[in-house]
Every structure is written in C-alpha cells, then in structure tokens.
Amino acid sequence: MSHMRKFYLKCDESSNGFRINSWISAVISRKVEELILILEADEPDEIPPSLFTCGSLVSLELQLPNLYLRLPNCISFPRLKVLRLFGINFGDDLLTEQLFSSCPILEDLIMRDCTWLYMENLCISAPALKRLEIDNSFLKDVDYEDGLEDCMVKIHAPSLVSLVYKGSVAREYDLSSFPLLVDADINFVSETLTETWDAKISYSAGVRVNEFLRGLTNVNCLKVSGQAIKGLSFADDLLKDLAPFCNLIQLDVTGVLETSADTGICALLQLAPRLESLIFREARFTNGPSNEDEGWTLKWASLVLAVDFYA
C-alpha cells in the first residue's frame, strides 16, 4: 500500500470499461501523485467519481477524444498544480466552473481541442494560476465549432504570467487584470473574422477582440495573428477604447495580414510607447481574397515608415 508517484493508462474503445474503472480506483487508493489517462471510450462510467476528490494528485492529464466529461457534484483537488485537458467536451456551466475553482494552488492549465457547445459561460477562477492555454487551432481542420462563440468567457487569474488563446471569438469577455503577465499568444481562428462577413458582424467581432486585448495591457511580449488585428480594425475609435500597452517591448505579427488591418496595427503601435521590436513572423501580406490589386505594396511600405515613427 505504498504511495504511487506516477501512473499512465492508454486504452482504445474496445477496452473493458469496468476494468479501466478498477485500475483508476486502485491507483487513487495508492495516493497517486501524477496521473495520465488517454481513453478513447464511449462510456463516461470508465472514470470513477473518486478521481475528482483525489487529494494526492499534483498533476492530472485527461485525453478523452470521444467522451463528454461527466463531472460529479463534489470536486476537490487541494494539491493539484498541473491540469491538462485534451479533446474534452464540456457541457455544464456550473460544474465546469467548480472544476477550476476547486484547485486552489493550480499553476498550469492547458486545454487543447476542447468544446463548450452547450454552455453559456466559461469561468476560470484560479488565483495561483501562472500559465493558461486554450488552444483549439487544430479544430479548424475539421468541422470547426468549439462553442466559445456562444459563451461569455470569464478569467480571474491575478498571478498569470503566460497566456495562449487560440479559439473562436467569444460572445463576451470578462478578464481580470493580469499585472504579472509576461507573454501572450493570441489567434482568433473563428470564421467570424473572415472577409466574407458583412459590416455589422465584423464590427461586433472587432468590439469583442478589443474587449479581449484590453485585459492584456500589462504584457511584455505579445504575439498576435493578422486575423485578430483585422478584427481590431473593425472597431470604432480604437485609441479611445484600448488602454496603453505601457510594458510592451516586443510585438510579433503572424499569419495573413491584410491591408484592411492597417488601422488595428497602427493603433497598437501608437499605444506601445516602450516598443523595441516589431516582428512579422511568417506573415503574408495581402490585399484580400483576390489579391489582384498590387497597390497594397505601397500601403504596407507606408506602414513600415509609420512603425519607425511610433516605435
């Protein structure tokens, strides 16, 4: 009955669900500290409720590509510092919020290719959280829909140092101040920022992108996609609505950058008085879907001159 430091279990859909449940229950009773579960299952009963009250866990990784995560009413992870969730389908606002708030010393939270299709709110409240990653960029290669476009995303993480957000433009954002934020990587991969949108929808998306970036004004290094900058360009009076990025030293622009995004990037440059480095990392410049008008070359040449002026 000695303690178990680490346990790794990978099972496909043909595995015996009762046996998997028994294995997990057994390692929990051995006070396992690090647990990795990769279950290509169809039945949620393979995960015992006792997993969510395992007081010994320091690190937990769940990969459940075919499974809706059935959370119990009682959740408690008093020692959990690392939580990694891959391919999980969430479906309950309150229990999902409780999952994150029940980890009082959580420092590292990673969610990749997760969905929130039946939720109105995604709330993450973790006072000790240092690293947060929400990455649904791979979902766009399939039938893209992560549910964030119907969610209000609330993040309270005053200790946050690193942030990655690659997903849909949410219905609304409520971000607390991140006074310790060092780096952020932002890429809105939603269809809601493509050139096919009409003006009204584009404006709405721009307001929400603006809303998101207002929470990142303390960041030192910001990596942002051309699509996100295009969203900014849709909003009115950017210089009034966006707060200054007083600590921003390095700005990386990635992906396709259309000439219609010049308003957004110029606003960012004017609001970054300490900017030392502007990098177009693997960026491609275009005038739009047709790209027949070579006039965009002159426009971007003017922008480069503006960069020298603002920085």
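- Residues that satisfy the side chain to side chain donor-acceptor pair (under 3.5 Å) test with D183, not counting sequence neighbours, are S162.
- Taking CZ from R70 and CZ from F52, the interatomic distance works out to 11.0 Å, rounded to the nearest 0.5 Å.
- For S59 against R84, the heavy-atom pair with the smallest separation is OG-NH1, 4.1 Å.
- Interatomic distance, CG of L51 versus CG of L37, reported as 6.5 Å (0.5 Å rounding).
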Subject >> Derivation of the side-chain contact (heavy atoms from CB on, under 4.5 Å) call for N16 and W23 >> reply: CA-CA 11 Å; N16 185 291; W23 273 93; over 6 Å; no
**OP:** Assess whether side-chain contact (heavy atoms from CB on, under 4.5 Å) is satisfied between E61 and E34, documenting all intermediate values.
**Re:** CA-CA 8 Å; E61 179 176 321; E34 183 177 350; over 6 Å; no
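- Here CG of L39 is found 6.0 Å from SG of C11. Values are rounded to the nearest 0.5 Å.
- Looking at Y8 and I38, their side chains come closer than 4.5 Å, going by heavy atoms from C-beta outward.
- Annotation: side chain of N89 is not in contact with side chain of L117 (no heavy-atom distance under 4.5 Å).
- Cluster membership for L175 and L222, using ILVMFWY side-chain heavy atoms within less than 4.5 angstrom, is shared.
- Of the possible polar contacts, one joining the N136 side chain to the C114 backbone as a donor-acceptor pair under 3.5 Å is found.
- For the pair Q250 and N220, the minimum side-chain heavy-atom distance is 4.5 Å or more.
- For D146 and S168, the side-chain atoms include at least one donor-acceptor pair closer than 3.5 Å.
- Looking at V219 and F245, their side chains come closer than 4.5 Å, going by heavy atoms from C-beta outward.
- The closest donor-acceptor contact from the side chain of S56 to the backbone of V32 lies under 3.5 Å.
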Would you be so kind as to tabulate the donor-acceptor pairs closer than 3.5 Å made by side chains of residues 102-109, with sequence neighbours excluded?
residue, atom, partner, partner atom, Å
S102, OG, I75, O, 3.1
S102, OG, Q98, O, 2.6

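- With side-chain heavy atoms closer than 4.5 Å counting as contact, directly or through intermediates, the hydrophobic cluster containing V161 also holds V182.
- Rounding to the nearest 0.5 Å places CG of L268 at 6.5 Å from CG of L213.
- The nearest pair of heavy atoms linking F77 to C54 is CD2-O, 3.8 Å.
- Taking 4.0 Å as the cut-off between side-chain N and carboxylate O, E133 and R131 count as a salt-bridged pair.
- Side chains of L132 and V164 form no contact here, defined as non-hydrogen atoms less than 4.5 Å apart.
- How far OG of S50 is from CD1 of I28: 3.5 Å, rounded to the nearest 0.5 Å.
- I124 pairs with exactly one of L99, I134, T96 by the side-chain contact (heavy atoms from CB on, under 4.5 Å) rule, that one being I134.
- For the residue pair P72 and L95, the shortest heavy atom distance occurs at O-CD2, 3.5 Å.
- One hydrophobic cluster holds both L71 and L85 under the rule that ILVMFWY side chains link at heavy-atom gaps under 4.5 Å.
- Across all their heavy atoms, P127 and S159 have their closest contact at O-OG, 2.8 Å.
- Of all heavy-atom pairs spanning H156 and S176, the tightest one is CA-OG, 3.4 Å.
- Between Y165 and F188, the distance separating the two ring centers is shorter than 6.0 angstrom.
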Subject >> Residues W116, M111; criterion side-chain contact (heavy atoms from CB on, under 4.5 Å); working and verdict >> reply: CA-CA 11 Å; W116 297 267; M111 294 185 286; 3.9 Å; yes
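- Contacts of D185 classified as salt bridge (charged side-chain N to carboxylate O under 4.0 Å, His left out), with partners at least two apart in sequence or in another chain: K166.
- For K31, there are no salt bridge (charged side-chain N to carboxylate O under 4.0 Å, His left out) partners, not counting sequence neighbours.
- Tracing side-chain contacts under 4.5 Å through hydrophobic residues (I, L, V, M, F, W, Y), one reaches M4 starting from L57; they form part of the same cluster.
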Original post:
So I186 and L216, side-chain contact (heavy atoms from CB on, under 4.5 Å) or not? Walk me through it.
Top reply: CA-CA 10 Å; I186 310 302; L216 310 182; 3.9 Å; yes
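- Placement of V224 and I279 in two distinct hydrophobic clusters is found when ILVMFWY residues are connected by side-chain heavy-atom separations under 4.5 Å, directly or transitively.
- A continuous path of hydrophobic side-chain contacts links L248 to F280 [ILVMFWY only; heavy atoms under 4.5 Å].
- For A170 against V153, the heavy-atom pair with the smallest separation is CB-CG2, 3.6 Å.
- Legend: residues meeting side chain to side chain contact (heavy atoms under 4.5 Å, CB included) with E211, ordered by chain and number and at least two apart, are E172, Y173, R208, R214.
- Taking the side chain as every heavy atom from C-beta outward, R171 and D150 never approach each other to under 4.5 Å.
- L62 places a side-chain heavy atom less than 4.5 Å from the side chain of I88.
- Between E97 and N121 there is no side-chain heavy-atom pair separated by less than 4.5 Å.
- With rounding to the nearest 0.5 Å, the separation of CG in N187 from CG in D135 is 8.5 Å.
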